[in-house]
Amino acid sequence: MRLIILGSTGLVGRYLLDLALANPDVSHIVAPVRRAIPAQEKLFAPVVDFDCLPDAPWWQADAIVCALGTTMRKAGSQQAFRRIDHDYPLLVARLGKQNGVNVFVLNSALGAKAQSLFFYNRVKGETERDLQALGFGSLTFVRPGLIGGMREERRPVERMLQILFGAIGPVLPSQYRINPAQKIAQAMLDAALAARPGVHAIASDLLV
Ligand SMILES: NC(=O)c1ccc[n+]([C@@H]2O[C@H](COP(=O)([O-])OP(=O)(O)OC[C@H]3O[C@@H](n4cnc5c(N)ncnc54)[C@H](OP(=O)(O)O)[C@@H]3O)[C@@H](O)[C@H]2O)c1
């Protein structure tokens with residue numbers, strides 16, 4: 001299969017890329033990035049401007065998996081956060097759809113809900129809602145809670161929560177336990193490969 005990976009330089013995305021590179025069922029990978037990454041066999045990683053994505057032939061693929069996203073702190077404003085976590089996945093999904101892609105997998109979040117009172121959950125929910133409106137044959141939302149894994153950048157609050165949740169994990173309800181980035185990536189790749197017809201959600205308690 002031809003697979004498009006968004007967010008391939010992130011924590012979940014790097015696992016996704018490694019898993020896809022190692023999977024014999026994935027013959028070609030396109031990973032649009034904003035900063036160049038090392039070349040590898042079966043990988044094409046065009047450097048693009050996400051505010052002005054090209055309509056190129058490489059959008060023709062069997063599936064798109066999207067682990068692109070940011071944090072409120074990095075984005076700097078609600079508007080900038082929404083642009084990255086909502087608008088970019090939608091732009092990519094529309095380009096894919098125009099080029100025949102029928103399978104889309106999104107790394108969403110626990111609590112995603114378009115009517116949520118919380119801005120983060122609302123943006124994730126609106127992204128899910130607007131992706132559904134595009135009519136993919138197979139659409140999967142993977143909804144992790146706190147993502148576990150080592151980051152290059154410092155995220156002190158997340159790190160503190162990881163230590164806390166790691167310590168009390170066994171007594172927490174399974175939906176609130178840490179979701180390792182590799183598990184999330186595997187669930188995303190599996191969903192892309194399975195291409196089950198319809199709309200599906202993979203809850204955080206299945207990602208522990
Ligand atoms: N952190 C959590 O505990 C948590 C919990 C639930 C859900 N999530 C969601 O899970 C998703 C993936 O999380 P993650 O931790 O793997 O993310 P991450 O490590 O922060 O990686 C984010 C990816 O998105 C790309 N990206 C960010 N801003 C961009 C921009 N302006 N233009 C182009 N690319 C951009 C990054 O590219 P660069 O490498 O170039 O920056 C990177 O590839 C996100 O949508 C996040 O909201 C996170």
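Each ligand, and each atom within it, is numbered from 1 in the order the structure gives. Only a predicted model underlies this, so the values are computations on that prediction, with no experimental measurement involved.
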Exercise. Below 3.5 angstrom, do we get any N/O pair linking Gly7 and ligand 1?
Worked result: yes
Exercise. Out of curiosity, is Ser108 lining ligand 1, as in a heavy atom under 4.0 Å away?
Worked result: yes
For this session: Can you sort out which atoms of ligand 1 are near Leu146, meaning under 4.0 Å from one of its heavy atoms?
Result: 3 (O)
For this session: Using a strict cut-off of 4.0 Å, indicate which atoms of ligand 1 neighbour a heavy atom of Tyr88.
Result: 30 (C), 31 (N), 32 (N)
Problem set entry | Within reach of ligand 1, part of Leu6 (heavy-atom separation under 4.0 Å) | neither
Problem set entry | Among Met72, Arg35, Lys124, Arg83, closest by any non-hydrogen atom to atom 45 (O) of ligand 1 | Lys124
For this session: Name the option, out of Leu11, Leu207, Ile147, that contains the heavy atom nearest to atom 13 (O) of ligand 1.
Result: Ile147
Exercise. Considering only protein heavy atoms, which is closest to atom 30 (C) of ligand 1, and at what distance to one decimal place?
Worked result: Arg34 NH1, 3.4 Å
Exercise. Taking the side chain from Asn99 and the backbone from Leu95, do they hold a donor-acceptor pair closer than 3.5 Å?
Worked result: yes
Exercise. Which of the numbered atoms in ligand 1 are below 4.0 angstrom from a heavy atom of Val12?
Worked result: 16 (O)
Exercise. If you measure from the Lys or Arg side-chain nitrogens to the Asp or Glu carboxylate oxygens, is any gap between Arg155 and Glu153 under 4.0 Å?
Worked result: yes
For this session: Please state whether Arg143 comes within less than 4.0 angstrom of ligand 1, counting heavy atoms only.
Result: no
Problem set entry | Glu158 and Arg151 ion-paired at < 4.0 Å | yes
For this session: Among all protein heavy atoms, pick out the one at the shortest distance from atom 21 (O) of ligand 1; state its residue, atom name and that distance to 0.1 Å.
Result: Gly10 CA, 3.1 Å
Problem set entry | Heavy-atom nearest neighbour of atom 1 (N) of ligand 1 within options Glu158, Glu153, Lys74 | Glu158
Problem set entry | atom 8 (N) of ligand 1: nearest protein contact (heavy atom, Å) | Tyr120 OH, 3.3 Å
For this session: Please say whether Ala109 places an N or O atom under 3.5 Å from an N or O atom belonging to ligand 1.
Result: no
Exercise. Just by distance, do the side chain of Ser174 and the backbone of Asp205 share a donor-acceptor pair under 3.5 Å?
Worked result: no
Exercise. Among all protein non-hydrogen atoms, which one is nearest to atom 20 (O) of ligand 1, and what is the separation to 0.1 Å?
Worked result: Arg155 NH2, 2.8 Å
Exercise. Can you check whether Ser116's main-chain N or O pairs, donor with acceptor, with Asn121's side chain at less than 3.5 Å?
Worked result: no
Problem set entry | Shortest reach to atom 27 (C) of ligand 1 by a heavy atom, considering only Gly69, Ser8, Ala75, Gly148 | Gly69
Exercise. For Ile84, is at least one N or O under 3.5 Å away from an N or O on ligand 1?
Worked result: no
Exercise. Hey, is the main chain of Phe136 close enough, under 3.5 Å, to the side chain of Asn102 for a donor-acceptor pair?
Worked result: no
For this session: May I ask you to say whether Asp51 pairs ionically with Arg83, meaning some side-chain N is under 4.0 Å from a carboxylate O?
Result: yes
Problem set entry | Residue, atom name and distance, where the atom is the protein heavy atom closest to atom 25 (C) of ligand 1 | Leu68 CG, 4.0 Å
Exercise. How close does the nearest protein non-hydrogen atom get to atom 17 (O) of ligand 1, and which residue and atom is it?
Worked result: Arg151 NH1, 4.2 Å
Exercise. Just by distance, do the side chain of Asn179 and the backbone of Gly145 share a donor-acceptor pair under 3.5 Å?
Worked result: yes
For this session: Look at the rings of Phe81 and Tyr120 and say which category their plane angle falls in: under 30° parallel, 30 to 60° tilted, over 60° perpendicular.
Result: tilted
Exercise. In ligand 1, which numbered atoms sit nearer than 4.0 Å to a non-hydrogen atom of Asp85?
Worked result: 45 (O), 47 (O)
Problem set entry | Closest candidate by heavy atom, reference atom 36 (C) of ligand 1, pool Asp51, Thr9, Thr127 | Thr9
Problem set entry | Validation row: Leu131, Phe141 side chains within 4.5 angstrom (heavy atoms) | yes
Problem set entry | Result of checking Leu16, Val12, Leu11 against Arg14 for side-chain contact (heavy atoms from CB on, under 4.5 Å) | Leu11
Exercise. Can you list the ligand 1 atoms lying under 4.0 Å from a non-hydrogen atom of Pro144?
Worked result: 6 (C), 7 (C)
Exercise. Is the closest N or O pair between Ala67 and ligand 1 shorter than 3.5 Å?
Worked result: no
For this session: State whether the side chain of Trp59 and the backbone N or O of Pro54 hold a donor-acceptor pair below 3.5 Å, judged by distance alone.
Result: yes
Exercise. Hey, is Asp49 close enough to Arg34 for a salt bridge, meaning N to O under 4.0 Å?
Worked result: no
Exercise. So do the side chains of Pro32 and Leu6 get within less than 4.5 Å of each other, counting heavy atoms only?
Worked result: yes
Seminar exercise, completed: Here the atoms of ligand 1 under 4.0 Å from any heavy atom belonging to Asn107 are 10 (O), 11 (C), 12 (C), 45 (O)
For this session: Check whether any heavy atom of Gly145 sits under 4.0 Å from an atom of ligand 1.
Result: yes
Exercise. Is the closest side-chain donor-acceptor distance between Ser108 and Glu128 under 3.5 Å?
Worked result: yes
